[in-house]
There are 2 protein chains.
Amino acid sequence: MVDRVTYTSEFPIFYVTVDIAIFTVRDDELCVLLVRRKGEPFRGALALPGGFVAPEEGLMDAARRELGEETGVTDVVLEQLATYGEPGRDPRGRVVSVAHVAVLPRQVEPRAGSDASEALWVPVVPLLAGRRQVAFDHRRILADALERVRAKLEYTTLATAFVAEEFTLSELRHVYEVVWGADFDAGNFQRKMRRTEDFIVETGRTKPSPVGRGRPAATFVARSPGVHPLGSPITRAQPQRG
Amino acid sequence: MVDRVTYTSEFPIFYVTVDIAIFTVRDDELCVLLVRRKGEPFRGALALPGGFVAPEEGLMDAARRELGEETGVTDVVLEQLATYGEPGRDPRGRVVSVAHVAVLPRQVEPRAGSDASEALWVPVVPLLAGRRQVAFDHRRILADALERVRAKLEYTTLATAFVAEEFTLSELRHVYEVVWGADFDAGNFQRKMRRTEDFIVETGRTKPSPVGRGRPAATFVARSPGVHPLGSPITRAQPQRG
DNA sequence: AAAATAGTGTCTATAAGACACTATCAT
DNA sequence: ATGATAGTGTCTTATAGACACTATTTT
């Protein structure tokens with residue numbers, strides 16, 4: 001790292017950080033990983049995990065590093081969300097933050113990092129509806145991130161990033177139901193998924209229901225790793241007059 | 001502006017810039033406004049207009065200012081696209097660029113700014129398909145911007161940003177045809193637009209065809225200023241087996 | 001057998017594309 | 001009248017949602 005340099009320019013000093021909104025489905029709720037801040041400003045408030053970008057580090061590399069430091073997770077779907085750089089958004093100076101969205105396939109027990117006294121999974125919708133303090137403009141970032149995840153579920157294969165590598169259609173349907181807060185007809189969902197091209201591939205194996213009873217479900221894997229656009233969107237459940 | 005400061009930190013120096021991909025439909029082609037660089041690096045190459053963010057200036061404010069300086073346009077649809085910050089993307093140092101997309105309602109004659117020897121409208125698709133040199137990673141940014149515009153046309157009211165405040169459905173259809181490079185059935189397009197909620201409002205006035213012959217077209221205005229999501233998407237023309 | 005979950009069949013409403021047709025203008 | 005563009009009618013095909021039904025498992 002650079003230790004002390006002389007900065008000669010007519011341009012101001014910028015600090016560049018990354019913040020990450022890490023989502024997972026946990027206990028029938030969409031949750032985001034937040035840390036409780038140890039230092040000032042916003043000491044004790046909830047914040048998105050994140051940190052400063054290193055000198056020779058790419059933006060997504062920085063996000064991936066911070067994510068690893070906070071959760072120990074490495075193989076994860078990560079995407080740039082937007083950049084927040086209003087003057088005054090950070091009292092320490094002109095900080096431009098490149099926000100990212102990450103989706104975890106299963107619940108991971110977070111461990112606190114060096115900048116946080118605590119790391120915890122927080123249900124997103126109640127947090128955004130409530131009045132709990134959130135550091136900086138992270139409430140706004142989180143709202144944007146939620147909107148992005150909900151939108152991407154519709155026209156990409158993002159849903160598979162929430163479940164294990166091998167999954168049942170009930171598990172996948174549960175992701176949509178939790179993220180969108182709407183129920184799906186199980187039969188129609190089944191048909192839609194099986195008919196959508198380039199999304200899922202049946203393994204030939206089955207998996208018993210978690211409640212112990214009922215017909216075991218066929219398992220599937222994502223057709224290809226990562227997130228890809230879908231030919232036809234997965235529509236949100238809308239009541240039909242018929 | 002800061003003239004000379006001493007920068008004491010374990011964090012590196014970052015420069016933050018904005019770049020703007022300004023699109024318009026001109027002569028039956030989707031065009032982007034590019035400048036020819038006066039100075040090094042990439043002297044003489046084509047580049048997106050853009051520049052450094054001022055000390056107390058928001059990111060979109062900076063983009064709007066640069067856009068005004070380059071084209072004289074003020075009232076314009078502007079949206080953040082993505083941020084590009086790979087180390088080495090700019091030989092002058094660690095430059096993080098926040099790219100924006102702008103859409104102009106009509107062809108504007110660009111005037112060269114202080115950083116550019118020339119400003120010109122360039123057809124986008126041939127540029128991306130060809131081998132003309134483009135400065136920095138601006139070819140990549142431009143490709144991302146084109147993808148964004150094509151996508152937004154489908155599920156937002158962005159198309160109205162390409163036409164004058166009062167427009168005919170033929171003019172609007174032409175935007176879709178040029179941006180997507182596909183023809184639409186004029187009748188079906190008419191029905192689709194009139195039935196889509198919260199998109200357009202008929203003025204009651206008519207406008208004669210530009211070729212002088214034919215029935216004058218009814219004119220419309222956008223239902224509300226700015227870009228808004230649509231309830232039902234405008235689908236790209238796809239051949240149907242029937 | 002009963003209960004629970006997985007998966008299929010089928011009907012209806014809606015909407016997109018194809019294309020024939022009507023409407024209104026200039027020459 | 002002719003040709004051009006604007007706009008409507010209507011047929012076909014595809015698909016989403018509703019919901020009844022079958023299939024496969026455990027208790």
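Keep in mind that the numbers below use all heavy atoms, side chains included, and drop hydrogens, waters and symmetry copies. Just so we're on the same page: letters track the sequence lines, and every chain starts at 1.
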Distance check needed: [N] [atom2] versus [X] [atom1], whole Å only.
| X | N | atom1 | atom2 | value |
| --- | --- | --- | --- | --- |
| A:Arg215 | D:dC21 | CZ | P | 18 Å |
| B:Phe184 | D:dT5 | CZ | P | 19 Å |
| B:Ile200 | D:dA6 | CD1 | C1' | 14 Å |
| B:Asn188 | D:dT10 | CG | P | 15 Å |
| A:Leu230 | D:dA16 | CG | P | 12 Å |

Exercise for the section: Just jot down the side-chain contact (heavy atoms from CB on, under 4.5 Å) partners of B:Leu230, sequence neighbours excluded, or say none. Expected result: B:Thr157, B:Thr196, B:Phe199, B:Ile234

Practice task
Return the set of residues passing side-chain contact (heavy atoms from CB on, under 4.5 Å) with B:Ala45 (not counting sequence neighbours), or none when no residue passes.
Solution key: B:Phe42, B:Gln133, B:Ala135

Fill in the blank from the handout: For A:Phe189, the ring pair (Phe, Tyr, Trp, His ring centres under 6.0 Å) test, sequence neighbours excluded, returns A:Tyr176, A:Phe184

Handout entry: Contacts of type ring pair (Phe, Tyr, Trp, His ring centres under 6.0 Å), residue B:His100, not counting sequence neighbours
Key = none

Practice task
Would you please confirm or rule out a distance under 4.0 Å between OP1 or OP2 of C:dG17 and any side-chain N or O of B:Thr235?
Solution key: yes

Fill in the blank from the handout: With sequence neighbours left out, the residues meeting side-chain hydrogen bond (donor to acceptor under 3.5 Å, both in side chains) with A:Arg139 are none

Problem - Partners passing side-chain hydrogen bond (donor to acceptor under 3.5 Å, both in side chains) against B:Asp198 (at least two apart in sequence or in another chain) - result: B:Arg223

Practice task
Scan residues 189-198 of chain A against DNA chain D and write down, sorted by residue number, each residue with any heavy atom closer than 4.0 Å; if none is found, say none.
Solution key: A:Arg191, A:Lys192

Problem - D:dA16 base / A:Asp185 side chain donor-acceptor hit below 3.5 Å - result: no

Handout entry: Within residues 207-214 of chain A, residues whose heavy atoms come under 4.0 Å of DNA chain C
Key = A:Ser209, A:Val211, A:Arg213, A:Gly214

Practice task
Could you list by number each residue of residues 156-178 of chain B showing a heavy-atom separation from DNA chain C of less than 4.0 Å, or answer none if no residue does?
Solution key: none

Residues in salt bridge (charged side-chain N to carboxylate O under 4.0 Å, His left out) contact with [X], at least two apart in sequence or another chain:
| X | value |
| --- | --- |
| B:Arg64 | none |
| B:Arg205 | B:Glu166 |
| B:Arg140 | B:Asp144 |

Exercise for the section: Among D:dG7, D:dG9, C:dG7, find the nucleotide with the atom closest to the side chain of B:Ala217. Expected result: D:dG7

Practice task
Output yes when a side-chain donor or acceptor of B:Arg89 lies under 3.5 Å from a complementary backbone atom of B:Phe136, and no otherwise.
Solution key: no

Fill in the blank from the handout: Nearest heavy-atom contact between B:Leu78 and B:Ala63 is CD2-CB, 4.0 Å

Practice task
Look at all strands and tell whether A:Ala186 reaches a base, only sugar-phosphate, or nothing, counting heavy atoms closer than 4.0 Å.
Solution key: nothing

Exercise for the section: Would you kindly compare A:Pro216 and B:Ser232 by the position of their nearest DNA chain C nucleotide and give the one closer to the 5′ end? Expected result: A:Pro216

